[in-house]
Amino acid sequence: MNRSANNPAEAPIGVFDSGVGGLTVAKEMFKLLPGEDVVYFGDVSRYPYGGRSKEIITSFTRQDIAFLLEHKVKFIICACNSASAVALDDVRGDYDLDMVGVIEPGARAAVAKTTSGRIGVIGTNATIGSNAYARTIHDIDPGVKVFSLACPLLVPLAEEGYIDKEATRLIAKDYLQTMHEVEIDTLVLGCTHYPLLKAVIADVMGDKVTLIDSGEETAKVALERLTTSGLLHPASSAGGGRTGRHKFFVSDVPEKFSSVATRFLGRVIDGITRVDISGY
Ligand code: DGL
């Protein structure tokens with residue numbers, strides 16, 4: 001395994017996404033696992049993944065993983081729903097380290113939450129077209145009814161910081177009208193960017209519908225897996241108050257990433273490094 005030379009538990013966790021959206025997952029990781037070092041890669045030069053084919057997303061995913069392996073990570077989180085939905089299951093067997101995507105944690109949380117057995121899933125075209133959430137939910141509970149809907153316009157709105165604008169509310173309302181009609185009680189936010197629009201989506205759906213944030217759920221699964229495999233950083237698992245180092249890499253100019261990331265994380269991040277992902 002490609003890990004740190006000394007104690008493998010001291011190696012960083014790798015997180016990747018098509019761009020900045022995965023920071024909604026990383027943010028939950030930082031909260032839940034503050035003592036862990038994290039290497040984040042955002043493939044901003046090839047964002048968005050959500051409208052691309054399975055073949056292209058799979059080849060991008062392999063390159064993203066190859067980049068993180070170079071940083072000797074101990075565990076990988078595929079924060080991108082589109083890559084998790086169409087590529088991760090095909091590629092994970094080729095690597096000798098544990099990886100988690102965002103689909104299964106989100107699906108499990110939704111099944112645990114629903115009481116009516118009617119779950120909605122929203123995501124990019126790639127995620128919804130793959131049917132990955134519906135399949136995973138049905139593997140867990142075949143009796144649940146799943147209603148899936150692609151909401152591609154919500155990604156650029158979140159990316160541009162249109163968080164509390166009337167235009168975003170109108171578009172969300174238009175998309176989600178059908179979810180009202182089918183009377184779901186649980187809605188999976190199946191895209192990295194949607195947690196940013198949680199307030200608008202919650203408002204549109206009303207208080208009878210529980211929103212599932214896959215990012216939060218994925219961070220919980222990462223904590224479980226690292227604990228079970230004995231890979232939690234020793235200083236952090238001992239409650240030693242360690243503060244992890246966070247490194248950020250992107251495949252195109254860092255400035256745009258930096259300004260959007262500041263909004264996503266609520267803090268300024270320094271030292272974002274640009275890498276040529278085509279070489280991986
Ligand atoms: N990260 C993607 C996802 O969660 C959204 C942005 C994109 O399409 O690349 O599906």
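We count ligands from 1, going down the list as the structure has it; atoms in each ligand are counted the same way. Only this structure's heavy atoms are used, side chains among them; waters, hydrogens and symmetry mates stay out.
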Step through it carefully: locate the ring centre of Phe41, locate the ring centre of Phe67, and say whether they are under 6.0 Å apart.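 Ring centres of Phe67 and Phe41 closer than 6.0 Å.
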
Below 6.0 angstrom between ring centroids: does that apply to Tyr49 and Phe60?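 Between Phe60 and Tyr49, which both carry aromatic rings, the centre distance is below 6.0 Å.
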
Check Leu154, Ile201, Ile122 against Tyr175 for a side chain to side chain contact (heavy atoms under 4.5 Å, CB included) and give me the one that passes.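 Testing Tyr175 for a side chain to side chain contact (heavy atoms under 4.5 Å, CB included) against Leu154, Ile201, Ile122 leaves exactly one candidate, Leu154.
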
Qualifying ring pair (Phe, Tyr, Trp, His ring centres under 6.0 Å) pairs with a residue from residues 207-228, counting only residues at least two apart or across chains: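 Qualifying pairs, neighbours excluded: none.
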
May I have a table of the N/O to N/O pairs between ligand 1 and the protein that fall below 3.5 Å, each row giving the two atom names and the distance to 0.1 Å?
from: ligand 1; atom 1: 1 (N); to: Asp17; atom 2: OD1; distance (Å): 2.8
from: ligand 1; atom 1: 1 (N); to: Ser18; atom 2: OG; distance (Å): 3.2
from: ligand 1; atom 1: 1 (N); to: Thr192; atom 2: OG1; distance (Å): 2.9
from: ligand 1; atom 1: 4 (O); to: Asn81; atom 2: N; distance (Å): 3.0
from: ligand 1; atom 1: 4 (O); to: Asn81; atom 2: ND2; distance (Å): 3.4
from: ligand 1; atom 1: 4 (O); to: Thr192; atom 2: N; distance (Å): 3.0
from: ligand 1; atom 1: 4 (O); to: Thr192; atom 2: OG1; distance (Å): 3.2
from: ligand 1; atom 1: 8 (O); to: Tyr49; atom 2: N; distance (Å): 3.4
from: ligand 1; atom 1: 8 (O); to: Gly50; atom 2: N; distance (Å): 2.8
from: ligand 1; atom 1: 9 (O); to: Ser18; atom 2: OG; distance (Å): 2.6
from: ligand 1; atom 1: 9 (O); to: Tyr49; atom 2: N; distance (Å): 2.7
from: ligand 1; atom 1: 10 (O); to: Ser82; atom 2: N; distance (Å): 3.1
from: ligand 1; atom 1: 10 (O); to: Ser82; atom 2: OG; distance (Å): 2.6

Side-chain donor-acceptor pair present, His233, Glu10, cut-off under 3.5 Å: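 No.
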
Indicate whether any N or O donor in one side chain lies under 3.5 Å from an N or O acceptor in the other, for Ser259 and Thr262.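 There is no such pair between these side chains.
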
